[in-house]
S.K.: 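My structure is below; once you've seen it, I'll send some questions.
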Amino acid sequence: MFAATAIKSTDKKTFYRELSGQLEALLAGESDPVANAANMSALIFEQVPDLNWAGFYFLRSPQELVLGPFQGTPACVRIAVGRGVCGTAVARRATQRVEDVHSFAGHIACDSASRSELVVPLLRAGEIFGVLDLDSPMPGRFDAEDQDGIELLAAIYIAASAPIIPGAQA
Ligand code: SME
């Protein structure tokens with residue numbers, strides 16, 4: 001059984017290095033993309049301070065993200081590409097780090113407690129297949145070091161997991 005030990009480091013670089021090691025151990029020997037997304041959401045939600053939501057959306061068609069495994073309050077199921085922070089990350093093929101979701105035009109409020117958000121697109125062979133989404137009740141919760149750290153975790157997930165089949169239901 002995997003037991004995550006609390007990470008005490010206050011230095012973010014060290015924190016994410018330790019969390020990456022825990023994620024690699026958690027995903028070792030398993031390639032199911034849904035199981036890995038579920039365990040990764042749980043690990044992030046348990047270890048990263050000040051989150052109210054952490055999870056995945058997967059592209060089920062070229063136009064639409066569909067909710068995947070997550071931790072937090074129940075969330076919007078379908079997000080069109082180009083809409084909200086998640087759909088914008090897909091459309092722009094770039095991480096979206098939003099300091100204050102209230103000033104992001106088109107932000108989709110799944111949990112009214114959310115004040116800042118970090119969305120990392122997931123790519124395999126140059127194709128986006130989903131996003132990793134973190135929400136915080138604190139404005140400006142995510143800085144460039146958080147972005148680097150979460151992008152590293154996303155890369156570990158992609159390397160460890162088999163492809164999600166577009167159009168198939170998880
Ligand atoms: N806020 C996101 C929607 C997903 S929830 O935060 C879980 C968005 O604007 O795309």
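For ligands, and for the atoms within them, numbers begin at 1 and follow the listed sequence. All figures in this text were calculated on a predicted structure; none of them were measured in a lab.
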S.K.: May I ask you to identify, for D111, whether its side chain, its backbone, both or neither come under 4.0 Å of ligand 1 on a heavy-atom basis?
M.R.: neither
S.K.: Any nitrogen or oxygen of E117 lying under 3.5 Å from a nitrogen or oxygen in ligand 1? Just yes or no.
M.R.: yes
S.K.: Among all residues two or more places apart in sequence or in another chain, which pass the salt bridge (Lys or Arg N to Asp or Glu O under 4.0 Å) test with D100?
M.R.: R115
S.K.: Suppose we measure from atom 8 (C) of ligand 1 to each protein heavy atom; which comes out shortest, and what is that distance?
M.R.: V85 N, 3.2 Å
S.K.: Output yes when the distance from some N or O of ligand 1 to some N or O of R83 is under 3.5 Å, and no in every other case.
M.R.: no
S.K.: Which pairs, with at least one residue in residues 63-90 and sequence neighbours excluded, count as a ring pair (Phe, Tyr, Trp, His ring centres under 6.0 Å)?
M.R.: W53-F70
S.K.: Identify, for atom 1 (N) of ligand 1, the protein heavy atom at the shortest distance, and state residue, atom and that distance.
M.R.: I108 O, 2.7 Å
S.K.: Any chance you could measure Q147, atom CD, to Y16, atom OH, to the nearest 0.5 Å?
M.R.: 10.5 Å
S.K.: Distance alone, cut at 3.5 Å: any donor-acceptor contact between the side chains of T5 and E18?
M.R.: no
S.K.: Indicate, as side chain, backbone, both or neither, the part of I79 found under 4.0 angstrom from ligand 1 when only non-hydrogen atoms are considered.
M.R.: side chain
S.K.: Has R92 got a side-chain atom pairing as donor or acceptor with G82's backbone, closer than 3.5 angstrom?
M.R.: no
S.K.: Does only the side chain of F104 get under 4.0 Å from ligand 1, or the backbone, or both, or neither? Count heavy atoms.
M.R.: neither
S.K.: Distance under 4.0 Å to a non-hydrogen atom of D133: what atoms of ligand 1 satisfy this?
M.R.: 4 (C), 5 (S), 6 (O), 7 (C)
S.K.: At a 4.0 Å threshold, what atoms of ligand 1 neighbour a non-hydrogen atom of H107?
M.R.: 1 (N), 9 (O)
S.K.: May I ask you to test the S116-S136 pair for a side-chain heavy-atom distance under 4.5 Å?
M.R.: yes
S.K.: Under 4.0 Å between a Lys/Arg side-chain N and an Asp/Glu carboxylate O for K13 and D148?
M.R.: no
S.K.: Are side-chain heavy atoms of E64 and S61 found at a separation under 4.5 Å?
M.R.: yes
S.K.: Backbone or side chain, does any N or O of D135 fall under 3.5 Å from an N or O of ligand 1?
M.R.: yes
S.K.: Evaluating non-hydrogen atoms only, which member of C86, A109, C110, G87 is closest to atom 10 (O) of ligand 1?
M.R.: C86
S.K.: Contact between F70 and ligand 1, counting heavy atoms under 4.0 Å?
M.R.: no
